[in-house]
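Input: a single structure, listed below in structure tokens.
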Number of protein chains: 4
Amino acid sequence: MRHETVDLIFNAAIEVFAESGFDQAKMDDIARAAGVAKGTIYYHFRSKEELFVGLMNEGVQKLIDRARQYLKLHKSPTDQLLALVENQIHFYVQNGKLAKLLLNEAFGTKTRQVQFRRKIGEYLQLIEEVMIEGNRLGEFQIKHVPETASAIFGAASVVVLQKLYSMEEVDPARIERDIPPMVETVRRMVLCGIKDSTYC
Amino acid sequence: MRHETVDLIFNAAIEVFAESGFDQAKMDDIARAAGVAKGTIYYHFRSKEELFVGLMNEGVQKLIDRARQYLKLHKSPTDQLLALVENQIHFYVQNGKLAKLLLNEAFGTKTRQVQFRRKIGEYLQLIEEVMIEGNRLGEFQIKHVPETASAIFGAASVVVLQKLYSMEEVDPARIERDIPPMVETVRRMVLCGIKDSTYC
Amino acid sequence: MRHETVDLIFNAAIEVFAESGFDQAKMDDIARAAGVAKGTIYYHFRSKEELFVGLMNEGVQKLIDRARQYLKLHKSPTDQLLALVENQIHFYVQNGKLAKLLLNEAFGTKTRQVQFRRKIGEYLQLIEEVMIEGNRLGEFQIKHVPETASAIFGAASVVVLQKLYSMEEVDPARIERDIPPMVETVRRMVLCGIKDSTYC
Amino acid sequence: MRHETVDLIFNAAIEVFAESGFDQAKMDDIARAAGVAKGTIYYHFRSKEELFVGLMNEGVQKLIDRARQYLKLHKSPTDQLLALVENQIHFYVQNGKLAKLLLNEAFGTKTRQVQFRRKIGEYLQLIEEVMIEGNRLGEFQIKHVPETASAIFGAASVVVLQKLYSMEEVDPARIERDIPPMVETVRRMVLCGIKDSTYC
DNA sequence: CATGAATGAGAGTTCATTCAT
DNA sequence: GATGAATGAACTCTCATTCAT
């Protein structure tokens, strides 16, 4: 089992990083939120960057794990792809802070960004695998698999974030009601993007 | 005509901000890149934040202006929507640095982010207007206009950025060849998302 | 006649310096208050310091000139001394901002402070001359002339400033009513300080 | 016991602030004088202003504490008042730097000045209490207690500062010899100001 | 005489990181 | 394992002064 203190730090860090972004997040705030001394963080993590990377990997891993669960519930690639979209949107709504970091910190040339993108790549891989299987079974005719995966990922991401940040204050009940339109929107896009070859 | 020095600063700032993000960008670097003294920037802009907001507004305005040009070339909402997608992808490829900032700095609660999102909202508005007109003419059956606009915007954004940052080094010739698959991918998604109601 | 622009600058500078003190006063503010360009100030004055010294000299000179007028109205040294006190208090009330600078900028080792103190010394000289004449005529028995002059000057200064700054907002009517008690207070102190030798 | 480092900083700060005034004092200089890093000051004080206010409060508190000691040594209000004057002058001579700040930074509308004036008000209160008691016992006939307290405070302050800054260099032996005339001067003023009503 | 854009040295403040306890 | 006082490099922003027009 992971050390208890590390959990404390992780939980605090995800809040603070997501609230402020990597640069604006202060180790002081993380320490205070975790209820430990600042030195303690450095006892467990070499640097702010290492803490961040560990955190992001864990966050994306959760998304991946949930996605894997969803995949098992469906047989056909079509259903699986739709399930992935639904999962991603639900996950974003439930982890709005992480979602923001996913877009904010994913692009760039810094080490942490490259590492983070690699982890996101694992998730995109999952989508691509379903697509390839669908192509193989003749269920899809996707010509540009990586592009299509990115597009779906981006559509789902921005739909949720735009919704989250267009509200004055995040109202859990309200956002819950907003999920179905978002899911349906992306779902419809996905379905066309993969089905036939001579534009819908 | 705008003052020459301000142009110098603007051009330098877009480079530096895009390279490093808002927080990591240093006013010293912007000044050096612009070939002016640091104080000169502060003579023309009240703060780093004001410079950034001015810059982003100008950048998004360029995207909007180009989009308006494209819209004039087409009559039917369908063609107009596809033109908007194509325009956005081309614009991103040509202004990769701005594109990155568009996602990186758009979400958050800080003043500059709220202002920036408002400007992006102007662009989304453009998409939505085409959608509403298409709905009116019976060409589209879009149930959730804002969500669909966000999804298209997000799909086009992430497709390009993922491509740009998956390459070791940005190779202009290579990226030029990559445009058509990206355009086609999003175009297909768009076409389904708007055409008929009982999934494609 | 002094150049018109110089007057503009002088009048603006006294306001700004008195409002903010030497260090906090900005040449930009003075220029704006004077309605001239910043460069214009430097056309007429070598530096901020030179402007300040010129200004202070002029301010104290006004106090001295008024004092000289008052002195002419009275014959006996006793009446003259009391007139000086009354003059100083009235002058302070009417030029509260200058009064503040008089204490704020008078003590220190910087060139401008030394020069300023020298000018204030001219005013103290005036007091001392009356004292010496009073001593000669047997009207006073002042043992320590410079100390006594300083004490009177200090008493009058602090009484007014303490009053001015103890009020939430400076109310001209209110402060006008407060003059007599201040004058009487210092006047009584003065009278004893100079009359007999075995404590009053 | 207060933290050792804070003492280091306090002692250095009083030197530097008094030497240069609030605005000209540099945090770098204070840090160097204290033998700590600049960041260390900010670990203990939120800002330059907070450091200054803390310092001034402590300085005036010392004056107040000493004054309270002096008051205990005397019974009659007359003796007590004279003791206060003597104490103030001695204190100023021994703490010339603080004395200068007392006048330089006491008047103005900035937060630190208002707070500082409030602390000085505590000292003036002490004087006023003695005056009121003297009035009650019939020993004094002071009509304007606050004005008289201010006047005495101002007289004592300016007498010392004028003396300190009229010397080319501060010579401890010389200034020691100058104390009696200063004390006597103010003492005589005080005695009249409070004794009888029909001018001395 | 007058202007105001440009300058750059220098100020206060922040914060990731270290290390003696 | 854990602490938190101490650090100092680096940052944004200020403003007196200059000078070409």
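Sequence lines set the chain letters: A, B, ... in the order given, protein chains first and strands last, and positions in each chain run from 1. Just so you know, these numbers come straight off a predicted model, no measurement behind them.
Counting only heavy atoms from C-beta on, Ala37(A) has its side chain closest to dT3(F) among dT3(F), dT17(F), dT17(E). Of the candidate nucleotides dT17(F), dT7(F), dT3(F), dT7(F) has the atom lying nearest to any side-chain atom of Val36(D). In the set dT17(E), dA2(F), dC13(F), the nucleotide with an atom closest to the side chain of Tyr43(A) is dA2(F). The side chain of His44(A) lies closest to dA2(F), out of dA2(F), dT7(F), dT3(F).
If you take CE of Met27(D) and P of dA9(F), they are 18 Å apart, rounded to a whole angstrom. Atom pair Arg112(C):CZ and dA16(F):P shows a separation of 12 Å (rounding to whole Å applied). For the pair Lys48(B) NZ and dT14(F) C1', the interatomic distance rounds to 17 Å; values are reported in whole Å. The CZ-P distance, from Arg32(B) to dT7(E), rounds to 14 Å in whole Å. Distance CG (Asp7(C)) to P (dC1(E)): 14 Å, rounded to an integer number of Å. In this entry the distance linking CZ of Phe45(B) with P of dT12(F) reads 15 Å, nearest Å. The interatomic distance linking Asp23(A) (CG) with dC11(F) (C1') rounds to 12 Å, in whole Å. Glu4(D) has its CD atom 13 Å from the C1' atom of dA6(F), to the nearest Å.
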Point to revise | ring pair (Phe, Tyr, Trp, His ring centres under 6.0 Å) between Phe107(C) and Phe116(C), intermediate numbers included | key: CA-CA 9 Å; Phe107(C) 304 109; Phe116(C) 186 25; 9.3 Å; no
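With Phe22(D) as the aromatic partner, Arg112(D) meets the cation-pi criteria of under 6.0 angstrom to the ring centre and within 45 degrees of the ring axis.
Nearest-nucleotide positions on DNA chain E for Ile41(B) and Lys26(D) put Ile41(B) closer to the 5' end. Nearest-nucleotide positions on DNA chain E place Phe22(D) closer to the 5' end than the other of Phe22(D) and Tyr42(A). Between Glu49(B) and Asp28(C), the one whose closest nucleotide on DNA chain F sits nearer the 5' end is Glu49(B).
Side-chain contact, Gln61(B) with Lys119(B): a donor N or O sits under 3.5 Å from an acceptor N or O.
The phosphate of dA6(E) has OP1 or OP2 within less than 4.0 Å of a side-chain N or O from Thr5(B).
Residue contacts shown for Ala31(D) are absent, as no nucleic acid heavy atom lies under 4.0 Å away.
Judged by atom type and distance alone, Lys38(D) reaches the base of dT13(E) through a side-chain donor-acceptor pair under 3.5 Å.
Nucleotide dA20(F) forms a pair with dT3(E), judged by Watson-Crick or G-U wobble geometry with both contacts under 3.5 Å. Across every strand in view, dA9(F) sits in a pair with dT14(E) that passes the Watson-Crick or G-U test at under 3.5 angstrom.
In the displayed structure, Lys62(A) atom NZ is contacted under 6.0 Å by at most 12 heavy atoms of other residues, nucleotides or ligands.
A donor-acceptor contact shorter than 3.5 Å is absent between the side chain of Lys97(B) and the backbone of Glu15(B).
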